[in-house]
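Throughout, protein chains are lettered first and strands after them, A, B, ... in sequence-line order, and every chain is numbered starting at 1.
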Protein chains: 2
Amino acid sequence: MAAAKKAASIWDVARLAGVSHQTVSRVVNGSPRVAPGTRDRVMDAIAELGYRPNRLARTLAGGAVQSVTVLTADTSLYGSEASLRGIEKAARAAGWSVSISVLDPAETHSDASITMRLPRAGEPVIVVAHDDPGMRARRTLLASQPEAMVAIGEYTGKEPDEPWLIGLDDGAAAVEATRHLLDLGHSTVHHLAIPTAKGTEAVLKSHRAEGWIEALRQAGRHVPPVVYSGWSIPEAFEAVQPLVRDETVTAILCGNDDLALAAIRAAHLIGRDVPGDLSIVGFDNTPFAAYMTPALTTVNQDFEAVGRGAFELLRHRLDGSVPKPKPCWPSPELIVRDSSGPPKRR
Amino acid sequence: MAAAKKAASIWDVARLAGVSHQTVSRVVNGSPRVAPGTRDRVMDAIAELGYRPNRLARTLAGGAVQSVTVLTADTSLYGSEASLRGIEKAARAAGWSVSISVLDPAETHSDASITMRLPRAGEPVIVVAHDDPGMRARRTLLASQPEAMVAIGEYTGKEPDEPWLIGLDDGAAAVEATRHLLDLGHSTVHHLAIPTAKGTEAVLKSHRAEGWIEALRQAGRHVPPVVYSGWSIPEAFEAVQPLVRDETVTAILCGNDDLALAAIRAAHLIGRDVPGDLSIVGFDNTPFAAYMTPALTTVNQDFEAVGRGAFELLRHRLDGSVPKPKPCWPSPELIVRDSSGPPKRR
DNA sequence: CGAAGGACTGTGACCGATAACATACTATAC
DNA sequence: GTATAGTATGTTATCGGTCACAGTCCTTCG
């Protein structure tokens, strides 16, 4: 096999087909203004040389953009990973390429450190992160290139004046989950919360926590203090200890399924039965939720669909002729399994 | 705020600083052949205009490459996700950008469908996949651009004539896990296997399965037939049923922790105690392994380190002056928890 | 004092594509 | 038969950089 020579360019194809490079460009981009015979000759030349268009050159020359950069939180989180998966799938189907850059909470993020990640100024971006670095990235991009960015966030259903935002209605889902526990007869529900952004502009509570509070208030129940946890299972295991050891606690709504796993484990280790002594409900319906023991009651979230939606929204914003995706998603649905039940009478 | 004008180019900076575009290029790339005063003026102009180099143009013009494309299996698999994370981390630290493209087993992958994913011919690639599409991608790239590719695979320890391969020694790890079970007193060990590539050139068994066989042979034990599973937990749950219902089976080595979770769940549902009636060992040490009930005995795998290594190896191959990373990894280590124990006497 | 050499900077071609405009050739209409 | 659209194709500039080379200017040395 010959050593890999330099790849064929549009000029090589043009020479072989006996046409100008522009004609080749027309054929490649499917312009109707090419005679069938010419088109065939060019196609043959393309096949013979194994020609592939260079996306970099195409973008540089001002052609149609075909790449997105995703700025995301830690991909080991189920939500981020699933959203990314949705974006990638949709992008691949559209022939786009996806770059990814992780916003590490351990780093300090200046505006420059964010824009520096982009291959070029004006690169289309999707931000998938709810924490501090994510908020910062949102702000930075909104200031520098508002037309070429989309953020996945908590959708409030208020048809916001933020046409770049897309997401799930976490609040409504939390309400539903909390009501489920109250309906089972629990006098109140505790909440083991995922981290939230701490910046000045950022929210103090996640929408998940807010929905939980709202449901308790509406039912006229006591709202116990939120217990905050980190993202990791070991952190959650530590954070949940006081809750699990408190015999007056009969129901815990966890900010996600990882936290719920830690809570169940913690309960098990000190001999409290789930759901007999303690009901535990998760969030996200991760793949393992149905296969834990006890199987986890949780809220199903279609992150992958949101990822797809984010990609479609981005295309729409970049090119008005692409239809705008609907901003409402199959609303999150509670899946009742074995980890929640009525409280023991005493 | 003014509408986002076109971003500043190297020419804009040059004009403002009163130098040639080439001098700006020199400053940006840290050439020593620039007078300090000139450098300062250029730096000031860069700051004032908020100039950022365009990586596309740089690559196109033949400058240093600063991007990798990762071809990977489903990112919802822990191993793929963790490897990707390692690659991304290392790349980000080096100022490179990472593109990602998922090899969907449901698609048929022609050579063209693989090269078409790359932004340009000659784009550096890391392949993270052991299944059919992954093998195909490996072959395709090896044929078209062998110098600009690296694959993460099963490392055999044979210092292979495949300088583009890097990975973990799955075989040795499987031997260790199997011996652990035999040492506990099990007469033999069954194996619930992850899928393998089925193509003609591909291996019929994963190295994990081969290590398991080797350990059984060395101990002179019966080698039961492999039970094959898909990647997903529901598939594993189905596949493992016959094994779990067979009372002569006392120990199962699972191809990964997801399969182990499914096995434990299946055992639980028909009332077989783990590890009392049945010992189960996993592979990978996923984050949830320590928090399952019972906590899972498994083999720790540092996929993230392999990802980092793959990136370093790629840089080394692209640019000989970058040192070659060591090809041996902290060998996988068995972590004994609660899901494995001695068989019940009968 | 002139030549040699190093340090700094500029000029022009080029990477692989697209956009805008120009031109040649065909039909169709008057 | 000629003006009038189209249709098919070519030409040139441009995108934002790097590379190779060519000049300056100032030292340093014989």
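- Atom pair B:Ile46:CD1 and D:dG17:P shows a separation of 10 Å (rounding to whole Å applied).
- Minimum atom distance to the side chain of A:Arg58 is reached by C:dA17, of the listed C:dA17, C:dT9, D:dT18.
- In terms of modelled atom types and a separation under 3.5 Å, the side chain of B:Asp104 and the main chain of B:Ala106 share a donor-acceptor contact.
- Nucleotide D:dG16 holds its P atom 17 Å from the CD atom of B:Gln22, rounded to whole Å.
- Going from atom CG of B:Asn54 over to atom C1' of C:dC15 covers 13 Å, rounded to whole Å.
- Using a cut-off of 4.0 Å between Lys/Arg side-chain N and Asp/Glu carboxylate O, B:Glu304 and B:Lys89 are scored as salt-bridged.
- The distance from atom CZ of A:Arg55 to atom P of D:dG16 is 20 Å, rounded to the nearest whole Å.
- To the nearest angstrom, P of D:dG17 lies 13 Å from CZ of B:Arg15.
- Between A:Arg26 and B:Ala57, the residue anchored closer to the 5' end of DNA chain C is B:Ala57, taking for each the nucleotide with the nearest heavy atom.
- Side-chain N or O atoms of B:Thr59 include one that pairs as donor or acceptor with a backbone N or O of B:Arg55 at under 3.5 Å.
- Regarding A:Leu56, its CG atom lies at a distance of 16 Å from the C1' atom of C:dC14, rounded to whole Å.
- Here the nucleotide nearest the side chain of B:Thr23, chosen from C:dG10, C:dA17, D:dG16, is C:dG10.
- Annotation: side chain of A:Leu314 is not in contact with side chain of A:Trp164 (no heavy-atom distance under 4.5 Å).
- For B:Gly62 and B:Ser20, each mapped to the nucleotide of DNA chain C holding its nearest heavy atom, the one lying further toward the 5' end belongs to B:Ser20.
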